[in-house]
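Inspection log for the structure reproduced underneath, given as structure tokens.
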Number of protein chains: 2
Amino acid sequence: MSISQKCQYALRATFELAKHVGEGPVRIADIAKTQAIPIRFLEVILNQLKQGGFVESRRGSTGGYVLTHSPATLTVGEIIRFIEGPLSPVQCIAGSTGDQCPLHGDCAFLPMWEKVKDALSDVYDSTTFEDLVEQERVRRKEHVLDYSI
Amino acid sequence: MSISQKCQYALRATFELAKHVGEGPVRIADIAKTQAIPIRFLEVILNQLKQGGFVESRRGSTGGYVLTHSPATLTVGEIIRFIEGPLSPVQCIAGSTGDQCPLHGDCAFLPMWEKVKDALSDVYDSTTFEDLVEQERVRRKEHVLDYSI
DNA sequence: CGAATTGTTGACTTAGTCAATCAAGATAGT
DNA sequence: ACTATCTTGATTGACTAAGTCAACAATTCG
């Protein structure tokens with residue numbers, strides 16, 4: 001039901017990189033500050049994202065992190081699945097792990113869990129980081145207008 | 001994202017009571033056996049469900065637990081919310097807890113979390129225990145047919 | 001009544017995960 | 001060479017979930 005803090009950090013970090021796509025590497029410290037993420041923890045997370053091929057790093061004084069995918073095709077679902085595993089609300093559905101469930105697939109709730117999983121996929125896999133960046137841009141614009149009135 | 005083991009037990013226990021509605025109290029031991037729930041833990045859970053007014057208990061040699069609501073109106077969502085709290089995927093949305101989020105509501109992901117929450121509600125609040133009992137009945141019938149062929 | 005059966009209660013234990021931190025090292029730019 | 005940056009693995013502390021236990025109270029039925 002809930003997304004771990006780590007995963008939320010990973011999403012926010014990816015989002016921050018998406019915002020600066022095409023502008024060269026973004027420093028860990030900058031991401032940490034803008035997105036309010038503990039810097040040490042962010043190091044761990046970015047490293048994990050690198051293992052997964054979502055980001056690349058450049059060392060040295062002009063170093064930092066860069067998104068490897070286009071924000072237009074990268075979805076929230078991909079990041080969540082990478083950090084958290086399958087989107088299933090319960091273990092039984094997660095993988096074909098041979099049902100360690102003592103009810104042997106004779107569980108009345110299975111169809112419902114499937115429906116939930118599909119509903120989650122619908123939302124997460126249809127949200128790209130480009131969408132998010134665009135949405136924020138619109139919101140900021142409205143904000144400015146609010147102040148100027 | 002995931003439903004706790006405890007909550008799954010609570011759902012299965014409620015489901016078991018729904019199956020035997022109108023037949024008098026069901027013993028803890030029977031629920032535990034049929035639904036493969038550790039009996040000591042089930043005691044804790046049933047007690048909690050009783051505090052919430054979902055079940056009633058009767059002591060003595062013919063004692064056991066009875067559902068207080070009609071399975072036709074009792075939804076999975078009610079049980080989940082009672083055991084787990086709000087259906088939000090993240091804390092920020094859970095309650096109006098004054099946003100301890102350091103981004104002060106300026107988070108690009110908020111609309112998505114809302115969508116997820118709504119999607120979850122859609123599924124969980126539209127599934128009644130009568131539905132589940134009925135579905136199982138249908139499935140068992142098919143099973144019998146399978147064997148007789 | 002009284003013995004057996006059942007639920008009641010709250011404290012307790014255990015195990016595992018999450019979040020975060022630290023420090024020493026490697027690399028690239030200037 | 002120097003400095004800013006990323007790299008890596010080990011480690012910690014806190015917290016929560018899951019499960020357990022034992023003494024107790026109420027009810028039923030012979």
Side-chain angles (χ1 to χ4, degrees), chain A residues 1-13 16-17 24-33 35-68 80 83-85 89-91 94 100-102, chain B residues 1-13 16-17 20 24-33 35-52 54-68 80 83-85 89-91 94 100-102:
Chain A
M1 189 139 60
S2 52
I3 301 284
S4 73
Q5 194 68 7
K6 180 182 181 180
C7 186
Q8 291 180 55
Y9 288 157
L11 290 173
R12 297 223 296 266
E16 192 62 22
L17 291 180
V26 186
R27 281 176 306 176
I28 289 189
D30 290 343
I31 302 174
K33 196 173 176 188
Q35 292 294 330
I37 304 172
I39 189 164
R40 303 286 188 183
F41 198 22
L42 180 57
E43 290 172 6
V44 176
I45 293 165
L46 283 173
N47 196 37
Q48 189 171 343
L49 287 175
K50 185 185 174 186
Q51 306 298 325
F54 294 100
V55 301
E56 272 174 2
S57 64
R58 258 178 60 193
R59 305 205 215 195
S61 55
T62 64
Y65 277 89
V66 188
L67 211 57
T68 55
I80 295 184
I83 300 281
E84 301 262 65
V90 294
Q91 202 68 16
Q100 60 258 49
C101 171
Chain B
M1 188 138 62
S2 53
I3 301 286
S4 74
Q5 193 70 6
K6 181 181 180 180
C7 187
Q8 293 181 53
Y9 288 157
L11 290 173
R12 297 224 295 267
E16 193 61 23
L17 291 179
H20 296 99
V26 185
R27 283 176 305 177
I28 288 188
D30 290 343
I31 302 174
K33 197 173 178 188
Q35 293 293 330
I37 305 172
I39 189 165
R40 304 285 187 184
F41 198 23
L42 180 56
E43 291 172 5
V44 175
I45 293 165
L46 282 173
N47 197 36
Q48 190 172 343
L49 287 175
K50 185 184 172 186
Q51 306 298 324
F54 294 101
V55 303
E56 272 174 2
S57 63
R58 257 176 64 191
R59 303 206 215 196
S61 53
T62 63
Y65 276 89
V66 188
L67 209 59
T68 53
I80 295 184
I83 299 284
E84 301 264 64
V90 295
Q91 202 68 16
Q100 60 257 50
C101 171

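Convention: sequence-line order gives letters A, B, ...; per-chain numbering from 1.
- Rounded to whole Å, the distance from CD1 on Ile3(A) to P on dA19(C) is 11 Å.
- Contact annotation: Tyr9(A) does not reach the phosphate of dA19(C) (side-chain N/O to OP1 or OP2, under 4.0 Å).
- Projected onto DNA chain C by closest heavy-atom contact, Gly60(A) and Pro38(A) fall at different nucleotides, the more 5' of which corresponds to Pro38(A).
- Between Ile28(A) atom CD1 and dA20(C) atom C1' there is a gap of 15 Å when expressed in whole angstrom units.
- For the pair Tyr9(B) and Leu42(B), the minimum side-chain heavy-atom distance is 4.5 Å or more.
- Rounded to the nearest 0.5 angstrom, Leu46(B) CG and Leu17(B) CG are separated by 6.5 Å.
- A close approach under 4.0 Å does occur between a side-chain nitrogen or oxygen of Ser57(B) and OP1 or OP2 of dT8(C).
- Residue Gln5(B) contributes atom CD, which lies 12 Å from atom P of dT20(D) at whole-angstrom precision.
- Straight-line distance from the CD1 atom of Ile31(B) to the C1' atom of dT6(C): 12 Å, rounded to whole Å.
- The closest side-chain heavy-atom distance from Val66(B) to Arg58(B) is not below 4.5 Å.
- Here dA26(D) presents its P atom at 17 Å from CD of Glu56(B), a figure rounded to the nearest Å.
- The side-chain heavy atoms of Ile80(B) and Cys7(B), taken from C-beta on, include a pair separated by under 4.5 Å.
- Note: CD (Gln8(A)) to P (dC18(C)) measures 13 Å, nearest angstrom.
- Mapping Ser61(B) and Tyr65(B) onto DNA chain C via the closest heavy atom, the residue that lands nearer the 5' end is Ser61(B).
- Distance check, rounded to the nearest 0.5 Å: CD of Gln5(A) to CZ of Phe41(A) gives 8.0 Å.
- Which of dT9(C), dG19(D), dT7(D) sits closest to the side chain of Asn47(B) comes down to dT9(C).
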Just the table, please: protein N/O against nucleotides 21-25 of chain D N/O, every pair under 3.5 Å.
from: dA25(D); atom 1: N3; to: Arg59(B); atom 2: NH1; distance (Å): 3.1

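- The side chain to side chain donor-acceptor pair (under 3.5 Å) check on Lys50(B) picks up Ser57(B), with sequence neighbours excluded.
- Between dA18(D) and Ser4(B), a contact under 4.0 Å exists linking OP1 or OP2 to a side-chain N or O.
- For Ile39(A) and dC6(D), the CD1 to C1' distance is 11 Å, given to the nearest whole Å.
- The side chain of Gln51(B) lies closest to dT9(C) when the candidates are dT21(C), dT9(C), dT6(C).
- Residue Leu46(A) is out of contact with every strand shown, counting any heavy-atom pair closer than 4.0 Å.
- Atom CD1 of Ile37(A) is separated from atom P of dA20(C) by 10 Å (rounded to the nearest Å).
- Side-chain contact between Gln48(A) and Ile83(A) is present, with at least one heavy-atom pair separated by less than 4.5 Å.
- Side-chain nitrogen and oxygen atoms of Lys50(A) include none within less than 4.0 Å of the OP1 or OP2 phosphate oxygen of dC6(D).
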